[in-house]
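We use all heavy atoms of the structure for the numbers below, so side chains are in, but hydrogens, waters and symmetry mates are not. Chain naming here is simple, since letters A, B, ... match the order of the sequence lines and numbering starts at 1 in each.
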Protein chains: 2
Amino acid sequence: MILVKFRDRHPGMRSTDFHEIRALPLFREMGAEPFEALTRGGYVQTFPPQVELITEGEHSDFLHVVIEGSVELFAGWNGRETTMSMVYPVSTFILAATIKDAPYLMSARTVERSRVVLIPSEDVRRIFEVDNDFARAVVAELAQCYRGVVKSAKDMKLRNAVERLANYLLRQHLRNGGRPEFELRMEKRRLASFLGMTPENMSRALKALQPYGVTVDGQRVRIADADDLAGLAKPTPLIDDPEH
Amino acid sequence: MILVKFRDRHPGMRSTDFHEIRALPLFREMGAEPFEALTRGGYVQTFPPQVELITEGEHSDFLHVVIEGSVELFAGWNGRETTMSMVYPVSTFILAATIKDAPYLMSARTVERSRVVLIPSEDVRRIFEVDNDFARAVVAELAQCYRGVVKSAKDMKLRNAVERLANYLLRQHLRNGGRPEFELRMEKRRLASFLGMTPENMSRALKALQPYGVTVDGQRVRIADADDLAGLAKPTPLIDDPEH
DNA sequence: ATCGGGGCTTGATACTTGTCAAGTTCCGCG
DNA sequence: CGCGGAACTTGACAAGTATCAAGCCCCGAT
């Protein structure tokens with residue numbers, strides 16, 4: 001029954017969307033009723049590539065949930081721009097700004113055609129005030145995000161470009177079940193910016209990893225001997241383990 | 001009455017400590033009873049300078065509150081080390097690790113002789129589960145911390161050494177009520193590490209700021225014309241406003 | 001199939017930042 | 001009071017990284 005009501009009220013939303021959002025750690029533990037109240041005002045929209053969903057400095061109107069496609073979080077200053085992170089389905093972004101009712105610190109744009117659920121920030125804050133399970137889920141999510149940025153900051157401050165790239169490749173390698181070959185999840189130019197270097201520099205960094213068994217063909221990366229690469233990368237869970 | 005009980009149970013703690021902790025945003029909104037339960041197992045300890053209070057990778061046993069002195073949060077990798085942030089009274093640190101029951105991502109050491117309150121992590125998590133006001137205060141605190149690290153990451157990725165230093169000095173200038181002279185809050189070597197550069201480089205960066213009216217004598221900094229310096233620094237609330 | 005554009009690579013070069021070594025200053029301690 | 005050590009500064013040099021320019025390659029549009 002709830003499903004029918006849900007779909008009636010949320011133009012464009014499929015019941016699979018509903019289930020996927022519900023399954024997120026952020027929403028998993030709360031009761032059906034508050035979840036219904038939270039998502040009542042939400043709606044789904046499909047955006048073409050390269051659409052700026054939010055702009056840093058602006059006020060937080062919606063909590064965003066990526067259902068399909070991918071979204072880039074980036075920031076600019078003084079004519080420069082850098083990729084802060086990539087968001088893949090299914091996950092939320094800019095939760096902190098929404099909860100604090102503060103301006104966005106980062107902008108967001110679609111990379112490819114993407115389906116995004118928009119939940120009014122006011123509703124998020126209202127349910128947050130009322131529902132204790134949701135409030136605790138928000139804590140878990142924020143703590144996770146916080147630790148993620150801390151790791152990223154350590155990566156930036158303690159490693160040089162080649163080391164950052166080597167560790168990134170090892171993380172992706174593991175993410176893909178340790179298979180020797182995998183696809184990069186984003187364009188190289190974006191990856192370069194994410195890792196804090198120029199595209200030219202990353203191209204050279206990739207070459208520098210050849211002696212360690214890394215070969216690249218387009219988006220396809222092959223890691224011949226992960227241990228060899230790890231000898232250079234020296235990964236540590238305190239920076240590189242996303243679960244930690 | 002509560003005060004007397006409190007002091008009886010917490011060796012070394014003064015009633016002023018009690019009030020200062022209670023006044024923190026993290027503890028301000030919760031009821032007297034849960035606060036009492038939360039701090040019941042806590043105690044105060046005074047540490048000499050350069051004592052390592054926590055080590056990254058270790059398990060979170062206590063939530064720490066700095067009452068006097070100052071504490072440096074730092075991280076290491078592969079023989080390198082960097083200062084992540086400084087904690088001044090009265091504030092807590094490593095809340096995220098405590099709540100998540102996860103390993104510390106950063107180490108902490110006293111810089112000067114410091115009084116620190118230690119609250120068992122188990123108690124923090126227990127009260128967090130039970131007390132909804134506290135849970136929401138934790139959200140506010142974590143969101144604040146998260147946004148702080150994001151700003152710091154933007155600072156690192158978007159600005160070069162001189163720009164980071166210029167903006168840091170402007171922030172301190174503002175913090176001190178806009179007076180032309182103020183004292184650096186930490187040693188230069190630590191500040192250099194915090195700002196992501198070597199001490200040698202910071203020495204040169206300070207010289208590079210002389211044409212913009214910055215003069216330095218020991219810990220004493222004079223900013224002759226903040227607007228002039230801001231012309232170079234181009235501060236933005238999205239990186240430099242701690243409240244934002 | 002051809003054209004055009006954007007992403008990627010490469011080389012040359014310049015700028016930024018780090019390293020090393022030496023010297024100075026400052027401060028605490030005997 | 002003077003000694004010792006650490007912090008800081010300075011210069012010379014090396015390493016890391018960015019910029020600029022050119023060419024290649026892939027892919028989508030005509």
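For the salt bridge (charged side-chain N to carboxylate O under 4.0 Å, His left out) condition, the pairs that include at least one residue of residues 71-80 of chain B, sequence neighbours left out, are A:Glu163-B:Arg80, B:Glu72-B:Arg109, B:Glu72-B:Arg190. The list of ring-ring contact (aromatic ring centres under 6.0 Å, His included) pairs with a residue in residues 76-99 of chain A, not counting sequence neighbours, reads A:His64-A:Phe93. Among residue pairs with one or both ends in residues 110-119 of chain B, those qualifying as salt bridge (charged side-chain N to carboxylate O under 4.0 Å, His left out) are B:Asp17-B:Arg115, B:Glu68-B:Arg115; sequence neighbours excluded. The stretch residues 53-67 of chain A participates, sequence neighbours left out, in these salt bridge (charged side-chain N to carboxylate O under 4.0 Å, His left out) pairs: A:Glu56-B:Lys154.
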Filtered N/O pairs between nucleotides 4-8 of chain D and protein, under 3.5 Å:
| from | atom 1 | to | atom 2 | distance (Å) |
| --- | --- | --- | --- | --- |
| D:dC8 | OP1 | B:Lys188 | N | 2.9 |
| D:dC8 | OP2 | B:Arg189 | N | 2.9 |

Protein-nucleotides 23-30 of chain C N/O pairs under 3.5 Å:
none

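Partners of A:Ser60 according to the side chain to side chain contact (heavy atoms under 4.5 Å, CB included) rule, which considers only residues two or more places apart in sequence or in another chain, are A:Ala97, A:Thr98, A:Tyr104, A:Ser121.
Atom pair A:Met197:CE and C:dC8:C1' shows a separation of 15 Å (rounding to whole Å applied). Distance B:Arg159 CZ to C:dC15 P: 23 Å, rounded to the nearest Å. The distance between atom CE of A:Met156 and atom P of D:dG16, rounded to the nearest whole Å, is 17 Å. Atoms NZ (A:Lys207) and P (C:dT9) sit 10 Å apart, rounded to a whole Å. Computed from coordinates, the B:Met202 CE to C:dT16 C1' distance equals 17 Å when rounded to whole Å. Rounded to an integer number of Å, the gap from A:Leu195 CG to D:dT17 P is 12 Å. With rounding to whole Å, A:Leu209 atom CG is found 13 Å from C:dT9 atom P.
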Base versus backbone protein contacts along nucleotides 20-30 of chain D [heavy-atom cut-off under 4.0 Å; B, S, -]: B----------
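Residue A:Thr92 comes nearest to A:Glu141 through the heavy atom pair OG1-OE2, 3.4 Å, listed as atom of the first residue, atom of the second, then distance. B:Gly69 and B:Pro89 make their closest contact through O-CD, 3.1 Å (heavy atoms, listed as atom of the first residue, atom of the second, distance). For the pair A:Leu63 and A:Leu95, the tightest heavy-atom approach, listed with the atom from each and the gap, is CD1-CA, 3.9 Å. For B:Val149 against A:Ala153, the heavy-atom pair with the smallest separation is CG1-CB, 4.5 Å.
Ring geometry for B:Phe182 against B:His173 counts as tilted: the plane angle lies between 30° and 60°, on a 0 to 90° scale.
The line from CG of A:Leu26 to OG of A:Ser91 is 10.5 Å long, rounded to the nearest 0.5 Å.
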Side chains of residues 193-216 of chain A: which donor-acceptor pairs under 3.5 Å do they make with residues two or more places apart or in other chains?
| from | atom 1 | to | atom 2 | distance (Å) |
| --- | --- | --- | --- | --- |
| A:Ser193 | OG | A:Thr83 | N | 2.8 |
| A:Ser193 | OG | A:Thr83 | OG1 | 3.3 |
| A:Thr198 | OG1 | A:Asn201 | N | 3.1 |

Only distances under 3.5 Å count here; give the side-chain donor-acceptor pairs of residues 220-238 of chain A to other protein atoms, sequence neighbours excluded, each with its distance to 0.1 Å.
| from | atom 1 | to | atom 2 | distance (Å) |
| --- | --- | --- | --- | --- |
| A:Arg220 | NE | A:Glu181 | OE1 | 2.6 |
| A:Arg220 | NH1 | A:Glu183 | OE2 | 2.3 |
| A:Arg222 | NH1 | A:Glu181 | OE2 | 3.4 |
| A:Asp225 | OD1 | A:Asp227 | N | 3.1 |
| A:Asp225 | OD1 | A:Asp228 | N | 3.4 |
| A:Lys234 | NZ | A:Gly231 | O | 3.1 |
| A:Thr236 | OG1 | A:Leu238 | N | 3.1 |

side-chain contact (heavy atoms from CB on, under 4.5 Å) for A:Leu170 and A:Asp240? Distances and angles first, verdict last. CA-CA 9 Å; A:Leu170 278 178; A:Asp240 303 292; over 6 Å; no
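A donor and an acceptor atom, one from each side chain of B:Lys100 and A:Gln144, are located under 3.5 Å apart.
OP1 or OP2 of D:dA18 has at least one side-chain nitrogen or oxygen of A:Asn201 nearer than 4.0 Å.
Rounded to 10 degrees, the angle separating the terminal helix axes of the helix from C:dA1-D:dT30 to C:dG30-D:dC1, each built from five base pairs, is 40°.
Each of A:Val162 and B:Gly218 was assigned the nucleotide of DNA chain D with the nearest heavy atom; the assignment lying further toward the 5' end belongs to B:Gly218.
Proximity of residues 72-85 of chain A to DNA chain C (heavy atom under 4.0 angstrom from any strand atom) is not detected for any residue.
The side-chain heavy atoms of A:Thr82 and A:Phe74, taken from C-beta on, include no pair separated by under 4.5 Å.
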